[in-house]
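For reference, the structure is listed below as structure tokens.
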Amino acid sequence: MRLIILNQFFYPDHSATSQLMTDLAESLVERGVAVTALAGRGRYTGGEKLSRRDDYKGVRIERAWSTGFGKRNIAARISDYLSFYLGASWTLLRLPSHDAVMALTTPPLIGLVALLVGRLRRLRVIMLVQDVYPDIAVALGALRPGSPTTKALEWISCQVLKRSDRIVVLSESMRERIAAKVGDARASRIDVIHNWADGTDIRPITEASNPFVVEHNLGESFVVLFSGNLGRVNEFSTVLEAARLLRDRSDIVFLFVGGGAKEVEIQEFRRKHGLDNVRLLPYQPRHLLRYSLGAGHALLVTLADGLAGLSVPSKAYAIMAAGRPLLFVGDPRSDIARIITENQCGAVIGSGDSRRLAEVITKWCSERLKLEELGCAARSMFDDRFDRAHAVNAYLETFAKCINLTPASSSTPGAREARIKNTPL
């Protein structure tokens with residue numbers, strides 16, 4: 001099988017979708033799939049452009065022309081999006097023959113490029129819905145509900161989904177959202193495949209063997225950690241207010257590792273209230289992720305109200321892999337909240353309930369044995385459901401359904417061949 005993965009970011013970018021697709025592509029190559037990653041030359045946060053072509057562990061990387069202003073403001077983001085649509089279209093037209101193209105939702109509506117060019121080149125088209133657009137933009141206030149722009153984007157999005165050969169979503173609640181858009185007749189084309197982490201690379205470690213703890217002088221502290229993009233989909237007001245309530249607990253530290261649109265909000269709250277218990281660190285290199293996650297005793301996952309079924313925080317899977325309890329702040333109807341509740345591997349806090357969040361943190365700080373039990377439950381669930389191999393097997397099954405493959409055994413990592421039947425598109 002020859003597959004194109006179409007996403008704005010790929011290796012060596014550190015964005016969540018870039019890391020996920022790099023993992024997936026690498027594993028697919030090991031299973032005998034020929035993978036071409038089509039991305040932009042810019043990075044998620046802007047800066048120096050990447051080379052036009054590259055090779056990573058057998059994955060061919062083609063980087064289309066686009067601007068690279070990053071996420072500094074709306075104009076910069078729109079420029080990067082529009083230029084990537086053009087550059088990706090041109091590159092996709094010129095690539096050698098492939099069997100299928102799988103497009104993500106970064107940037108929004110890149111699936112339209114995949115569909116138009118894919119049909120022209122007789123490719124099967126798979127949509128991987130990481131975020132539901134334009135619904136998520138409406139929920140965050142970036143678009144007005146019912147406006148002409150929103151209606152146009154909704155129509156385009158629905159047409160792309162309806163005409164795709166296969167749709168991959170991240171959760172059951174997201175499946176319900178997408179099924180409502182495409183209709184009952186096409187709902188059978190939807191596959192639920194959760195995001196994942198690499199359980200071999202990220203695993204439970206002790207504080208004594210953690211250089212990150214030593215480097216940042218965290219050894220005497222109970223660390224409430226948020227790791228990753230500080231983006232608009234996150235809810236930080238509840239967390240910051242809990243930090244204010246616990247300002248006199250010198251043994252409890254709120255540590256934010258990463259960057260993004262809401263970094264300023266955190267910094268301003270910290271300055272306004274003089275909070276010495278709130279610290280910020282920049283993104284860490286990926287090979288240090290196991291150590292930065294391992295420095296936390298309770299790891300935060302947050303999601304803004306109204307986003308249940310529209311976005312699934314991928315950081316939750318890395319937290320499970322690290323064997324740490326999850327502290328979810330947001331809508332209890334979200335899939336991550338349900339996973340935590342059903343598997344007893346953390347706590348779910350509603351948005352705005354800062355006092356309860358502070359109480360849970362205080363309780364966990366004094367009950368380290370209970371904390372270990374929650375972390376073990378998280379890792380056990382991860383091994384059963386969310387390790388990287390589970391996701392790779394599921395994607396291989398989706399590809400087989402999509403292009404009528406007779407797949408090699410998905411349970412055998414060394415499998416190398418898959419026969420493609422000559423089925424007209």
Residues, nucleotides or ligands: over 12 heavy atoms within 6.0 Å of Q344 CD
no

If we check side chain to side chain contact (heavy atoms under 4.5 Å, CB included) with V192, which of these qualifies: V168, V169, I167?
V169

Over all atoms of both residues, closest heavy-atom pair of S18 and N7:
N-ND2, 4.2 Å

Taking distance alone, no hydrogens or angles, what donor-acceptor pairs closer than 3.5 Å link side-chain atoms of residues 139-155 to residues at least two apart or in another chain?
from : atom 1 : to   : atom 2 : distance (Å)
S147 : OG     : R144 : O      : 3.1
S147 : OG     : T150 : N      : 3.2
S147 : OG     : T150 : OG1    : 2.9
T150 : OG1    : R144 : O      : 2.7
E154 : OE1    : K181 : NZ     : 2.8
E154 : OE2    : K181 : NZ     : 2.8

Separation of R290 CZ from T200 OG1 (nearest 0.5 Å)
9.5 Å

Verify the distance criterion only: is there a donor paired with an acceptor across the side chains of S66 and D80 at less than 3.5 Å?
no

Quick one: OG on S314 to CZ on F386, what's the gap to the nearest 0.5 Å?
13.0 Å

Determine whether Y56 and F10 satisfy the following criterion, ring-ring contact (aromatic ring centres under 6.0 Å, His included), listing intermediate values before the conclusion.
CA-CA 10 Å; Y56 177 74; F10 196 77; 7.4 Å; no

Spacing of CG belonging to L112 relative to CE belonging to M127, to within rounding of 0.5 Å:
9.5 Å

Say you draw a straight line from CZ of R41 to OG of S51; how long is it, rounded to the nearest 0.5 Å?
7.0 Å

Is a donor from one side chain sitting under 3.5 angstrom from an acceptor on the other, for Q8 and D13?
no

Does D184 have more than 12 heavy atoms from other residues, nucleotides or ligands lying within 6.0 Å of its CG?
no

Sequence neighbours excluded, the answer for side-chain hydrogen bond (donor to acceptor under 3.5 Å, both in side chains) partners of T105 is none

Near D384 CG, under 6.0 Å, is it more than 12 heavy atoms from other residues, nucleotides or ligands?
yes

Parallel, tilted or perpendicular, judged at 30° and 60°: which one describes the rings of F256 and F226?
tilted

Non-neighbouring partners of S89 that pass side-chain hydrogen bond (donor to acceptor under 3.5 Å, both in side chains), sequence neighbours left out
none

Give a yes-or-no answer on whether the side chains of S171 and D335 include a donor-acceptor pair shorter than 3.5 Å.
yes

